[in-house]
Amino acid sequence: VRYVRKSMEALDLYNNKENRRQSMWEGADIKQQYEKTLSLLNEGKQDEAEIALKKLFEIQSEHAEKEFVLKKSQLKQ
């Protein structure tokens, strides 16, 4: 019974969106690449859209790496 109660409490905490880390990288470069990708998809240019999507992932990866390095340096202090 205790395990079930603890599990339900954990699910309640998870259900609380404030409890989850929701970090999304923002920037003009991301927005621009996202819009370019959507535009290419709407035009039916799947091959070019795939390339644009990969570029979008690269940009997001760069943002994630910068955030990781920043947080890592903050932890050392």
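This one's a predicted model, so the numbers in the text were calculated from it and none came from an experiment. The figures here come from the full heavy-atom set of this structure, side chains too, leaving out hydrogens, waters and symmetry mates.
With rounding to the nearest 0.5 angstrom, the CG atom of Asp29 is 8.5 Å from the NZ atom of Lys55. Taking CZ from Phe68 and OG from Ser73, the interatomic distance works out to 10.5 Å, rounded to the nearest 0.5 Å.
Side-chain atoms of Thr37 come within 3.5 Å of backbone N or O of Gln33 as a donor-acceptor pair.
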request  = Check the pair Lys66 / Leu70 against side chain to side chain contact (heavy atoms under 4.5 Å, CB included), numbers first and verdict last.
outcome  = CA-CA 6 Å; Lys66 288 177 187 174; Leu70 176 68; over 6 Å; no
Only distances under 3.5 Å count here; give the side-chain donor-acceptor pairs of residues 44-54 to other protein atoms, sequence neighbours excluded, each with its distance to 0.1 Å.
from	atom 1	to	atom 2	distance (Å)
Lys45	NZ	Glu43	OE1	3.1

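When the side chains of ILVMFWY residues are joined at heavy-atom separations under 4.5 Å, either directly or via intervening members, Ile30 and Leu38 end up in a single hydrophobic cluster.
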